[in-house]
There are 2 protein chains.
Amino acid sequence: MTHSSAAKSANPSTRDRIVVVAARLIQRQGYVGTGIKQIAKEADATLGSVYHFFPGGKEAVAVAALAYSAEEFAEMLREGLEGAGAGAGDGGPGAAIERCAGELAVALRESGWIDGCPVTAAALETLGTDSEIQRVCAEALRGWERIVEERLAAAGLAPGDARELATTVISTLEGAEVTAQVSRSEEPLRAAGRQLARLVGTYV
Amino acid sequence: MTHSSAAKSANPSTRDRIVVVAARLIQRQGYVGTGIKQIAKEADATLGSVYHFFPGGKEAVAVAALAYSAEEFAEMLREGLEGAGAGAGDGGPGAAIERCAGELAVALRESGWIDGCPVTAAALETLGTDSEIQRVCAEALRGWERIVEERLAAAGLAPGDARELATTVISTLEGAEVTAQVSRSEEPLRAAGRQLARLVGTYV
DNA sequence: ACAGGTCTAGAACGAACGCTCTACTTAATG
DNA sequence: CATTAAGTAGAGCGTTCGTTCTAGACCTGT
């Protein structure tokens, strides 16, 4: 780790401010819809600073921003899932996943339905290209799946079941988030949480 | 219906060509990433023609294109689900949904992983705005949910269950499609299909 | 023949895009 | 104090964006 890796300290460096602002803007407006100049302005930086820290230009900024967003989301996922022990005392992994979906729903509503999944928008826009952005998004999804998979395995599921279920959990949360944003309602995420809990319940 | 509503006839009108081409381009590159001039060029039309048929400009073209894509997808969904009768002779609605997921996976692979859900990309990009595009995307999702809901209700599910399951099915397919595109693999859609079939099976 | 829509054709506009460039200020090191 | 690197600052490059505009081609009814 370097001396400053986009931490949310009280006095973030210029580079960190650029990464954090870019992450938020890309999350809301997508990769194509977010301009370098807008990033610079909202991060209280200048164009010169942006190109100083990211000689690779817009794509390099986006890669750093997406990696940051991905880790942020992974953290949220880990915290949300760790509450569920291996036993059934707290409802098991199904209840934990349902709780995660609920948290996502609340956060989404509080943001005015605009702060959705940080990588979906960027990933879809750059599908045709062979950009580095693709790789970061793919890694993010794999990483999130792995977190869920380990949680399910810890709850006693067979490795194959845990793997396939984890993939589906991430896909469902992803899709439910989009549906919730478009319909401006918590219900898709709530429904997805309940159904996922029911589905997980059929394995334990 | 008018005399020509973007039908795939042998001699499509200029307007229809614009709609079809715009639908495909927006599906692949998103709303912001697709230019009016690119649409005109690939549809063998001129800028003048585009603005003649769509005085509302780019947004009007996108609205027509998304409505067309939405109906196209709805058709596919209806055909995929109608095979499943009310009885369990053909596996029931769960198997039908799994078959739909399989069809999506094949079509996605054959397109080189670029022809995903026609409305997701556009919906995410225009979330912050109060554009008409939003409304079309929301209606599309609701329409697809209704198709699945009716299919589940016809299979004997309670109205409440059918509704909530339908929402989850659409969300999951949506998310699994994105995941499949990003990871360039059929597996997310296959897994989602199997898990959805299992989930539906717990109701019948 | 002629008038009046419908449709085609593309030049041109102002704005915004990503990016490059030079000039300036600050900080650390000999 | 001199030197060098790091970081800040923004004007300006060429390009592309969505849109507007004028002009011509085509068809139909009288």
Side-chain angles (χ1 to χ4, degrees), chain A residues 2-6 9 11-23 25-26 28-66 121-122 125-126 128-133, chain B residues 2-6 9 11-23 25-26 28-66 121-122 125-126 128-133:
Chain A
T2 64
H3 62 292
S4 76
S5 58
S9 81
N11 272 39
S13 70
T14 300
R15 187 185 190 282
D16 291 348
R17 287 201 315 274
I18 292 171
V19 170
V20 173
V21 165
L25 288 177
I26 291 175
R28 296 184 178 178
Q29 315 174 344
Y31 174 67
V32 183
T34 302
I36 285 272
K37 287 173 184 173
Q38 185 187 12
I39 293 174
K41 177 175 291 182
E42 301 212 11
D44 273 323
T46 62
L47 216 47
S49 298
V50 176
Y51 279 94
H52 170 73
F53 290 112
F54 300 95
K58 185 182 182 179
E59 181 172 323
V61 175
V63 167
L66 288 171
E125 285 176 310
T126 59
T129 77
D130 58 348
S131 153
E132 181 84 11
I133 295 176
Chain B
T2 66
H3 61 292
S4 76
S5 57
S9 80
N11 273 38
S13 70
T14 300
R15 186 185 191 282
D16 292 348
R17 288 201 314 274
I18 292 171
V19 170
V20 173
V21 165
L25 288 177
I26 290 174
R28 297 184 179 179
Q29 315 174 345
Y31 174 67
V32 183
T34 302
I36 287 271
K37 289 170 184 175
Q38 184 187 13
I39 293 174
K41 177 176 291 183
E42 300 211 9
D44 273 323
T46 63
L47 220 45
S49 300
V50 176
Y51 278 94
H52 170 74
F53 290 111
F54 300 95
K58 184 182 183 182
E59 181 172 325
V61 175
V63 167
L66 288 172
E125 285 176 309
T126 59
T129 77
D130 58 347
S131 154
E132 180 83 13
I133 295 176

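A quick note: this is a predicted structure, and the numbers were derived from the prediction, not measured. Lettering follows sequence order; numbering is per chain, from 1.
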Participant: Indicate the atoms forming the closest heavy-atom contact of B:V32 with B:K58, along with that distance.
Facilitator: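 Closest approach of B:V32 to B:K58: O-NZ, 3.7 Å.
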
Participant: What pair of heavy atoms forms the shortest contact from A:A40 to A:L47, and how long is it?
Facilitator: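 Answer, listing the atom of A:A40 first, then A:L47: CB-N, 4.1 Å.
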
Participant: Just to verify, what does B:T126 make a side-chain hydrogen bond (donor to acceptor under 3.5 Å, both in side chains) with, not counting sequence neighbours?
Facilitator: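 With neighbours one apart ignored, the set is empty.
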
Participant: Write down the protein N/O and nucleotide N/O pairs, taken from nucleotides 14-16 of chain D, whose separation is under 3.5 Å; answer none if there are no such pairs.
Facilitator:
none

Participant: Give me the atom names and distance for the closest heavy-atom approach of A:G33 to A:Q38.
Facilitator: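 A:G33 and A:Q38 have their closest heavy atoms at O-OE1, 4.3 Å.
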
Participant: So, using salt bridge (Lys or Arg N to Asp or Glu O under 4.0 Å) as the criterion, who are the partners of B:E132 when residues are at least two apart?
Facilitator: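 Listed in chain order: B:R135.
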
Participant: If I take atom OH in residue B:Y31 and atom P in nucleotide D:dC17, what distance separates them, rounded to the nearest angstrom?
Facilitator: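 In whole Å, D:dC17 P lies 14 Å from B:Y31 OH.
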
Participant: Identify which nucleotide among C:dT20, D:dT8, D:dT19 has an atom closest to any side-chain atom of A:L47, counting heavy atoms from C-beta outward.
Facilitator: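 Nearest nucleotide to the side chain: C:dT20.
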
Participant: What's the CZ-C1' distance between B:R17 and C:dT8, to the nearest Å?
Facilitator: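 Atom CZ in B:R17 sits about 11 Å away from atom C1' in C:dT8.
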
Participant: Output all residues satisfying side-chain hydrogen bond (donor to acceptor under 3.5 Å, both in side chains) with A:S49, sequence neighbours left out; order by chain, then residue number.
Facilitator: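 Scan of A:S49 (side-chain hydrogen bond (donor to acceptor under 3.5 Å, both in side chains), adjacent residues dropped) gives A:T46.
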
Participant: Please report, rounded to the nearest Å, how far the C1' atom of C:dA9 is from the CD1 atom of B:I18.
Facilitator: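 It works out to 13 Å between those atoms.
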
Participant: Give, ordered by number, those residues of residues 50-60 of chain A having at least one heavy-atom distance below 4.0 Å to an atom of DNA chain D; if nothing qualifies, reply none.
Facilitator: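 Heavy-atom cutoff 4.0 Å gives A:H52, A:F53.
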
Participant: Hunt down any stem DNA chain C takes part in, defined as 3 or more consecutive Watson-Crick or G-U pairs whose two distances are each under 3.5 Å.
Facilitator: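 Listed by first number, the stems are C:1-30 with D:1-30.
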
Participant: Donor-acceptor pair, distance only, cut-off 3.5 Å: does the side chain of A:R17 make one with the backbone of A:A45?
Facilitator: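 No; judged by distance alone, with no hydrogens or angles, the pair does not exist.
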
Participant: Send over the distance from A:Q29 CD to C:dA16 C1', rounded to a whole Å.
Facilitator: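 Spelled out: CD on A:Q29 to C1' on C:dA16 is 14 Å.
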
Participant: Apply side-chain contact (heavy atoms from CB on, under 4.5 Å) to B:I36 and B:Y51, showing your working.
Facilitator: CA-CA 9 Å; B:I36 287 271; B:Y51 278 94; 4.0 Å; yes

Participant: With the criterion being N/O to N/O and under 3.5 Å, what pairs connect the protein with nucleotides 23-27 of chain D, and how long is each?
Facilitator:
none

Participant: Between A:I36 (CD1) and D:dC13 (P), how many Å, whole number?
Facilitator: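 Taking atom P of D:dC13 as the reference, CD1 of A:I36 is at 20 Å.
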
Participant: Using whole Å, what does the distance between atom C1' of nucleotide D:dG10 and atom CG of A:D44 come to?
Facilitator: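 Atom-to-atom, A:D44 to D:dG10, this comes out as 15 Å.
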
Participant: Once side-chain hydrogen bond (donor to acceptor under 3.5 Å, both in side chains) is applied, do any residues pair with B:R28, and if so which ones, sequence neighbours excluded?
Facilitator: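 side-chain hydrogen bond (donor to acceptor under 3.5 Å, both in side chains) check on B:R28 returns B:D115.
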
Participant: Residues in side chain to side chain contact (heavy atoms under 4.5 Å, CB included) with B:A121, at least two apart?
Facilitator: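 If we apply the side chain to side chain contact (heavy atoms under 4.5 Å, CB included) test to B:A121, skipping adjacent residues, the hits are A:L124.
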
Participant: Distances under 3.5 Å between protein N/O atoms and the N/O atoms of nucleotides 23-26 of chain C, please, pair by pair.
Facilitator:
none

Participant: Do you know which two heavy atoms are closest between A:L25 and A:T34, and how far apart they sit?
Facilitator: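 Heavy atoms of A:L25 and A:T34 come nearest at O-OG1, 3.3 Å.
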
Participant: Identify the two heavy atoms, one from B:A65 and one from B:A23, that lie closest to each other, and give their separation to 0.1 Å.
Facilitator: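 In terms of heavy atoms, the two residues are closest at CB-N, 3.5 Å.
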
Participant: Does B:T14 put a side-chain nitrogen or oxygen below 4.0 Å from OP1 or OP2 of C:dC7?
Facilitator: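 The answer is no; no side-chain N or O of B:T14 sits under 4.0 Å from OP1 or OP2.
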
Participant: Please work out if A:G35 contacts a base, only the sugar-phosphate, or nothing of the nucleic acid, heavy-atom cut-off 4.0 Å.
Facilitator: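 Answer is sugar-phosphate: A:G35 comes under 4.0 Å of backbone atoms only.
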
Participant: For B:F54, enumerate each residue passing the side chain to side chain contact (heavy atoms under 4.5 Å, CB included) test, keeping only those at least two apart in sequence or located in another chain.
Facilitator: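 Only B:R15, B:I18, B:V19, B:A60, B:V61, B:A64 meet the side chain to side chain contact (heavy atoms under 4.5 Å, CB included) criterion with B:F54.
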
Participant: Ignoring backbone atoms, test whether B:S49 places a side-chain nitrogen or oxygen under 4.0 Å from the OP1 or OP2 oxygen of C:dT8.
Facilitator: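 Yes, within the criterion.
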
Participant: Got a sec, which residues hit salt bridge (Lys or Arg N to Asp or Glu O under 4.0 Å) with B:E42, two or more places apart in sequence or on another chain?
Facilitator: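 Checked B:E42 against salt bridge (Lys or Arg N to Asp or Glu O under 4.0 Å); zero matches.
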
Participant: Atom CD of A:Q38 and atom P of C:dC19: how far apart are they, to the nearest Å?
Facilitator: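 Checked: the CD to P distance equals 15 Å.
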
Participant: Hey, is the side chain of B:T46 poking within less than 4.0 Å of OP1 or OP2 on C:dG10, counting only N and O atoms?
Facilitator: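 So the side chain of B:T46 is outside the cut-off, no N or O lying under 4.0 Å from OP1 or OP2 of C:dG10.
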
Participant: Please report, rounded to the nearest Å, how far the P atom of D:dT8 is from the NZ atom of A:K41.
Facilitator: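 Going from A:K41 (NZ) to D:dT8 (P), I get 18 Å.
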
